[in-house]
Novice: 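Before I ask anything, let me first share the structure, which is written out below as C-alpha cells.
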Protein chains: 2
Amino acid sequence: MTRQYHSPPLGDVTVRDTFWLPRLKTNYLVSLDHQYEHLQANGSLDNFRRVVGEAGGDFEGPPFIDANVYKWVEAASYVLATDDMPTLREKANTVLSLIEQAQADDGYLFTYFMLGDNSGRWSNVTMMHELYCAGHLIEAAVAHYQALDDERLLRVARDLADHIDERFGPDKLDKIPGHEEIELALVRLYRVTDEERYLDLAGYFIDRRGRDPSPLAAELPELERLIERDSFSKEQKESGWSVVGYQDTLRDESGAYDGLWAQDHKPVRDQERVEGHAVRAGNLYAAVAAYLQEVDDDELFTAVERLWQNMVTRRMYVTGGIGSSPESESFTADYDLPNDTAFAETCASASAIFWSHNMFELTGNGEYVDVLERILYNALLSGVSLDGTRYCYSNPLQTDDEYHRNEWFYVACCPPNLSRVLASLGKYIYARSESELLLNLYVSSTVETTLSGTDITVEQTTGYPWDGDVVVELSLDDSTEFALGFRIPGWAERWDITVDSESVSAEPTDGYVTIEREWHDGDHIEVSLAMEPNAVVAHPEVESDRAQAALRRGPLVYCLEDIDNTEPVQHLILSHPDSLSARYTESILNGMTVLEGRASLQDLQEWQDMLYRSLESVTESATDFTAIPYYARNNRESTSMTVWMRLA
Amino acid sequence: MTRQYHSPPLGDVTVRDTFWLPRLKTNYLVSLDHQYEHLQANGSLDNFRRVVGEAGGDFEGPPFIDANVYKWVEAASYVLATDDMPTLREKANTVLSLIEQAQADDGYLFTYFMLGDNSGRWSNVTMMHELYCAGHLIEAAVAHYQALDDERLLRVARDLADHIDERFGPDKLDKIPGHEEIELALVRLYRVTDEERYLDLAGYFIDRRGRDPSPLAAELPELERLIERDSFSKEQKESGWSVVGYQDTLRDESGAYDGLWAQDHKPVRDQERVEGHAVRAGNLYAAVAAYLQEVDDDELFTAVERLWQNMVTRRMYVTGGIGSSPESESFTADYDLPNDTAFAETCASASAIFWSHNMFELTGNGEYVDVLERILYNALLSGVSLDGTRYCYSNPLQTDDEYHRNEWFYVACCPPNLSRVLASLGKYIYARSESELLLNLYVSSTVETTLSGTDITVEQTTGYPWDGDVVVELSLDDSTEFALGFRIPGWAERWDITVDSESVSAEPTDGYVTIEREWHDGDHIEVSLAMEPNAVVAHPEVESDRAQAALRRGPLVYCLEDIDNTEPVQHLILSHPDSLSARYTESILNGMTVLEGRASLQDLQEWQDMLYRSLESVTESATDFTAIPYYARNNRESTSMTVWMRLA
C-alpha cells in the first residue's frame with residue numbers, strides 16, 4: 001500500500017471563503033502577533049537569546065518550551081507561503097536567526113539543557129522532551145522550506161536530525177521519546193531531503209516502542225530522582241502544572257512500570273485500542289500513517305486502521321474531540337465520554353486531524369476526511385476565540401457560567417498548534433494524484449494544479465458550512481481526460497451533482513462521487529448537499545449521553561448557551577426534534593446559522609422545595625430555544641453551555 | 001420549645017415483624033458475633049488488653065479505633081434490653097471489664113495515647129478523636145445502663161465526662177472536637193444523671209464551634225508536624241486510609257484554614273447549609289436537636305431546622321443517603337448528587353436518623369419521621385448484606401459488575417454503627433407524651449406503656465413494607481381518654497382509617513391523623529395506606545438524575561440489577577411508567593415484593609460500530625424488567641445495579 005493522494009503545495013491554493021477567510025486573517029493578523037508577544041514575555045525567545053549570549057538570567061518555563069517557538073514558526077511559514085506579510089516575515093526571520101545561532105556545533109538544540117545541566121542531554125527522553133522539541137523544529141523547517149524555498153532552517157533541522165541519527169538506534173542509544181512527535185517530523189524531513197536515514201530513524205522510533213525492555217521504564221527511576229531535585233518543579237507546581245504530575249501515570253498501582261499512558265505497553269502493531277495521553281497517541285499514529293505512505297507494512301497498517309476505528313467508534317466526542325480524562329489528558333475506556341470534564345485537548349484535535357489526513361492520503365477513503373472535517377469545524381475551531389486572542393486548552397461539551405477562555409498558558413502548546421492547523425487549511429481542501437483531483441473540503445477557493453499533464457484551475461464557490469451548495473468552475477487550456485472526485489460527507493443524507501446542468505447519477509465510492517471524463521475549459525459543476533438540522537444520539541453504552549441528543553447540521557455540531565435562551569439550557573428538553581429549523585442571523589457573533597426549535601421544560605416554581613416528586617405530577621411548558629455552532633461557544637459573557645440536550 | 005415526645009423504653013417494645021425480626025436476629029446472632037471476632041482480630045480489644053497489661057505489642061489500627069468497641073457495646077446493650085442472650089452478655093461483660101480496667105485513675109481513656117505518647121493527651125482533638133471516642137463510650141454506657149440497670153459502664157462514663165469537664169471550657173482548654181460525637185453523648189448522659197454540667201459542656205462544644213479564633217485552626221500546624229513523624233501513617237497509607245488525607249480538607253487553596261469540612265466555618269446558629277464531612281455534620285446537628293429538647297434557644301432551633309431543610313431539599317439522595325463526595329466523605333453543593341460516585345456513608349445515614357428523630361421529638365412533626373423512615377429502609381439498610389456478614393461503607397446508587405461488599409474495613413466505623421441502629425429499632429416505632437401515643441413506624445410489634453395514668457398495651461400487626469395495611473388492637477384495664485396518632489407517610493397518596501370498623505375522616509396534621517377519645521379494651525383500629533408503585537423524578541437542577549426516574553413503593557426505593565433482567569439495566573428505558581406493578585415473590589432473596597414493568601431498549605446490534613446516529617433512525621423494542629428493593633442490592637453475584645432508570 002502506498003500513498004494514493006497528496007495535497008497541492010500550499011502556495012497553489014487560494015482561499016476566498018466567507019467562513020474561513022476571516023478566521024485565517026484573524027489567525028495571522030491577530031493570533032500570531034499575540035502569540036509572538038507571549039513568546040517574548042514568557043521567556044521562550046529569551047531562552048534562545050540566553051543560549052546565544054544576548055540575554056541574561058535563567059531558563060524560563062517548562063523544559064519543552066522551545067516547541068512553542070517552533071510551532072509558531074511553522075504557522076508563520078504557512079501564512080508566508082500565500083501571503084506576503086512583511087511584519088510577520090521580519091518576526092519569523094528574527095526567530096529563525098535565534099534558532100540558527102543557538103544550535104550547538106554538534107547539531108544539538110534544546111535550550112533547557114543548554115542553559116542548565118549540559119550533562120543531562122539525552123539522559124532522559126521520557127519527560128525532558130528533547131526529541132519532541134526536535135520534531136517540532138523539523139516540522140517548522142520543512143514548512144519554512146516548502147513555503148519560501150529558504151533552506152536556513154532546513155539546515156538546522158538536518159544538522160539536528162543527523163545529530164540524533166548518529167546517537168539513537170538499536171546499536172546506539174536504544175531509546176524512544178516519552179512524547180511522540182519526532183516520528184512524523186522525520187518522515188516529512190525525508191520527503192524534502194530524500195535522505196532515507198531519516199525515514200529509517202522514524203521507523204526505528206515507531207517500531208521500538210512497546211517492546212521489552214522499555215527504555216522509558218529504564219529511565220523512570222532516574223527521572224524521579226531528577227524531579228526531586230529539579231529546581232523548576234516548584235515553579236511548575238505553582239503554575240498548576242508539573243513534570244511531577246505525569247511520571248505517576250507511568251506506574252501502576254503497585255508501582256511497576258506501565259507504559260500505557262505513553263503508548264509503550266505493547267508494539268504499535270499489536271495495539272488494540274487508542275490508549276494513554278491523547279496528543280502523544282495522535283502524534284504517534286499520525287506518524288505511523290505517514291510512514292506507511294513510504295514503507296509497505298501490512299501488519300502495521302492493519303494496526304493503525306484498527307486503532308483509528310477504535311478512536312472513532314468508541315472514544316471520540318461528537319465534536320471530534322479526544323481524551324476523556326482531565327487528570328491525565330488521556331483516553332480512558334471505550335464509551336467513557338463525560339461532557340463537563342471532557343478534556344478534548346486542542347492539541348489532541350490537531351494530532352487527530354494529522355492522523356486522519358495521513359490515513360486518507362494512504363487509502364483515498366473519504367471516511368477519514370469526514371472525521372477530519374468534524375474535528376476541524378468543531379473540537380479544533382472551538383479552541384480559539386472568534387477574535388483570536390483567547391484559547392481553550394480543553395474543549396468540554398458542557399460548561400457552567402464560571403467557565404472562561406484564557407489568554408495564555410504556562411504550558412502553551414495549544415495556541416501555536418491550533419494556529420499552524422488554521423494556517424495550513426489549504427492543505428486539506430484538495431488532494432490530487434496524477435490524473436485525479438479530489439474536493440475534500442468545501443471551501444471557496446481556487447487551486448492551480450496539473451492533471452494528466454495539463455495545467456488546470458479549479459474555482460470552488462460555496463456558502464458552506466451554512467449551506468451545502470457548491471459551484472465548481474474549471475479553467476484549462478486544452479480539453480483533457482482526468483477525474484474529479486467530490487466528497488459526499490457521511491452526514492449528507494441526500495445530494496445532487498450536475499455537470500453543465502446535467503445530473504450525475506453515480507453512487508459514491510469510498511465517500512466520493514468521481515467523474516472521470518474529458519473536461520473542457522469553462523465546465524461548470526454544481527454539488528448540492530442536503531443540509532438539514534438533525535438530532536443525534538450516542539451509543540447506549542455512552543452513559544454520559546444517555547437520554548440526550550446533540551444537534552448537528554452539515555459538518556457543524558451545535559451547542560446551547562444560556563445567553564441566547566430565556567430558560568437555563570440545562571433544563572431544556574428536546575421534546576419536538578422535528579421542530580428544528582436553521583436560520584442565518586447577523587445578530588449573533590457577526591453572523592452564523594443558528595438552529596431553533598421548540599423545547600419543553602418543567603416549571604421550577606412548581607417544584608418549590610421538593611427534591612423528588614412523582615413523575616406523573618410533573619407538568620411541562622413549551623419554550624423556544626436557539627443553538628449556536630459549538631466552535632462559537634464561550635465567546636461572549638460567561639454563560640452555561642451544553643452540547644447535549646435532555647430528551648425527557 | 002421543649003421536647004414533645006419521647007420513646008418508650010426499649011424493653012417495653014417487642015418486635016414481632018416478618019420483615020424486621022429476621023433482620024434483627026441476623027444482626028444479633030450473626031453480625032454482632034462476626035464484629036466481635038473482627039474486634040478481636042484487628043487489635044481493637046487487644047489495645048485495651050495492652051493498657052491493662054494483659055497483652056503485649058504496639059497499639060493497632062487508626063487512632064480512633066476504640067470507638068468501634070464502644071459502638072459494639074452499645075449495640076449489644078440494646079439487644080440485651082429485650083433478649084436475654086447469655087453468650088452475647090458474656091462477651092459484653094468481657095469488654096466492659098476491659099474498659100473499666102483500662103480507664104486511668106484520673107478518668108482518662110483513649111488507648112492510642114495510653115499505649116504511646118502519653119504527653120499527647122488532649123494536645124490535638126482536631127484529628128486524634130479522643131473526644132469522639134469519649135462520646136461513643138458515653139453513649140454505650142447510657143445504653144447499657146438503660147438496658148440492664150447496670151451502672152458499671154456509666155461510672156466509667158461519668159469519670160471520663162468529669163475528667164473532660166474539668167479540663168475543657170472557655171476558661172480552661174478552649175477546644176472543640178475535630179469530629180463531633182461527644183455533644184450528643186453529653187446530652188444523653190445528662191438525661192440519665194441529671195448532672196447539668198454535662199448539658200452545659202455539650203452546649204459549650206456546640207456553641208464554641210465556628211467562632212474565632214478557631215481551636216481547630218490553632219491545632220492544625222502541630223497536627224501536620226505530628227503526621228509527618230507519625231509512625232502510624234505509613235500503615236494507614238498502606239491500608240488505603242490516612243489521617244494525612246484529611247487535614248488537607250481543612251485548608252483552602254491558598255493554604256489558609258477553612259473550617260467548612262468540620263462545620264467550623266461559622267457558628268451553628270449562623271450556618272445556612274449542611275456542609276463538610278457528612279457524619280460529622282449529622283452528629284453535630286443531632287446533638288443540637290437533642291440539646292434543644294433541654295434548653296430553649298429559638299435562634300439555634302431556626303438554624304438547625306434550616307440546615308435540616310437544606311439537607312432534605314437539596315443534598316439528600318432519593319435513598320436518604322447523604323454525602324456526595326467519596327474523596328472527602330462530605331456534602332458538596334446543592335443538587336450535586338452523582339449516583340455512581342455517591343458516598344452516602346452508612347454512618348452518615350445513622351447520624352441523619354438520629355438528627356431526624358431528635359427533630360421529631362422536639363417538634364412532633366411527622367415530616368422528620370418520613371425522612372427517618374426513608375433513610376432506615378433504604379440508605380442505612382443497604383449498608384449490610386442480608387446475611388449480616390458483609391458491609392458497605394458507602395452506598396452508591398449505581399454500581400458496575402466489579403462492585404462488592406466487604407467483610408470488614410481498616411476504618412470500621414460503619415458495621416457496629418449500623419448494628420446499634422438496628423438493635424435499637426424499637427426506639428423509633430412509637431413515641432409518647434403524657435396522654436398521647438404516636439405510631440411512627442409500621443412494624444408488627446407490641447408496646448406496653450402508660451397513657452393518662454392507665455396501663456395500656458398496643459398490638460400492631462402489619463405486612464409493611466410489602467403492604468400498607470395495619471391492624472392495631474388495644475388492651476387496657478379501664479376505658480380512658482387519650483390520643484392515638486397514626487403517621488400518614490408523605491409517600492401515601494390515599495389512606496383510610498377505621499376505628500371498630502367506623503371510618504375516621506380527619507385530615508392529617510403535621511403528618512398524623514390523631515384520634516383523641518375514650519378508648520376501650522379491645523378497640524380495633526385499621527389503617528390502610530395505598531401502596532402503589534411510583535416513578536419519581538428529581539429536581540431539574542439535579543444533573544445526575546436528569547431524564548431519569550427512580551421507582552418507589554411505600555417507604556422503599558427500588559433498584560434494578562442485571563441479574564434479574566434479560567437486558568443490561570443501564571440500557572432500559574422506562575417508556576411505560578404506567579405499566580409498573582408489584583408482586584411478592586419467594587424466589588428472590590428469601591422473599592420480597594418486586595416491581596415489574598415494561599421498558600424499551602435500543603437494539604445494540606443495529607448500532608453496529610456507530611458511535612452517534614440520527615435520533616429518528618433509532619428503533620426500540622420492548623422488554624420486561626424487574627426491580628428489587630434498594631436495601632437488597634448487591635447481595636448476589638456481582639452485577640450492575642442502578643436506582644435511576646432512563647426515561648428516553
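Just so it is clear, the values below take in all heavy atoms, side chains as well, and ignore hydrogens, waters and symmetry mates. If you're wondering where the values come from, they're calculated on a predicted model, not measured in any experiment.
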Novice: Looking only at heavy atoms and a cut-off of under 4.5 Å, which of Pro577(A), Ser617(A), Ser614(A) has the most pairs with chain B?
Specialist: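 Of Pro577(A), Ser617(A), Ser614(A), Ser614(A) has the most heavy-atom pairs under 4.5 Å with chain B.
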Novice: For Asp578(B), is it the side chain, the backbone, both or neither that has a heavy atom under 4.5 Å from a heavy atom of chain A?
Specialist: neither
Novice: Between chain B and each of Gln398(A), Met610(A), Arg552(A), count heavy-atom pairs under 4.5 Å; write down the option with the most.
Specialist: Gln398(A)
Novice: What part of Arg314(A) gets within 4.5 angstrom of chain B, counting heavy atoms only: side chain, backbone, both, or neither?
Specialist: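 Arg314(A) touches chain B through backbone and side-chain heavy atoms alike.
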Novice: Quick one: CD on Glu543(B) to CG on Asp400(A), what's the gap to the nearest 0.5 Å?
Specialist: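 It comes to 9.5 Å.
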Novice: Heavy-atom distance under 4.5 Å to chain A: side chain of Val318(B), backbone, both or neither?
Specialist: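 Interface part for Val318(B): both.
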Novice: Heavy-atom count around Glu620(A) CD within 6.0 Å, excluding the residue itself: above 12?
Specialist: yes
Novice: When heavy-atom pairs shorter than 4.5 Å are enumerated against chain A, which of Gln608(B), Glu493(B), Glu541(B) gives the highest number?
Specialist: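 So the answer, after comparing Gln608(B), Glu493(B), Glu541(B), is Glu541(B).
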Novice: With a 4.5 angstrom heavy-atom cut-off, which part of Gln602(B) approaches chain A: side chain, backbone, both or neither?
Specialist: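 Just the side chain, heavy atoms under 4.5 Å.
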Novice: Measure Leu337(B) against the heavy atoms of chain A and call it side chain, backbone, both or neither at under 4.5 Å.
Specialist: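 Only the side chain of Leu337(B) comes within 4.5 Å of chain A.
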Novice: How many angstroms lie between atom OG1 of Thr313(A) and atom CH2 of Trp607(B), to the nearest 0.5 angstrom?
Specialist: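 Here the rounded value is 12.0 Å.
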Novice: Nearest heavy-atom pair of Val537(B) and Leu615(A): which atoms, and what distance?
Specialist: CG1-CD1, 3.6 Å
Novice: Heavy-atom distances under 4.5 Å only: say whether Arg646(A) touches chain B with side chain, backbone, both or neither.
Specialist: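 For Arg646(A), side-chain heavy atoms alone lie under 4.5 Å from chain B.
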Novice: Given heavy-atom pairs under 4.5 angstrom as the criterion, report whether the side chain, backbone, both or neither of Gln548(B) touches chain A.
Specialist: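 Neither part, no heavy atoms under 4.5 Å.
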Novice: Give, as side chain, backbone, both or neither, the part of Asn534(B) having an atom under 4.5 angstrom from any heavy atom of chain A.
Specialist: side chain
Novice: Is the closest side-chain heavy-atom distance between Val542(A) and Leu611(B) below 4.5 Å?
Specialist: yes
Novice: Heavy-atom distances under 4.5 Å only: say whether Pro540(B) touches chain A with side chain, backbone, both or neither.
Specialist: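 For Pro540(B), heavy atoms of backbone and side chain both lie under 4.5 Å from chain A.
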Novice: Return the minimal non-hydrogen interatomic distance between Tyr612(B) and Met316(A), and the atom names on each side.
Specialist: OH-O, 2.6 Å
Novice: Taking every heavy-atom pair that is under 4.5 Å apart, which of Arg613(A), Gln309(A), Arg546(A), His571(A) has the most such pairs with chain B?
Specialist: Arg546(A)
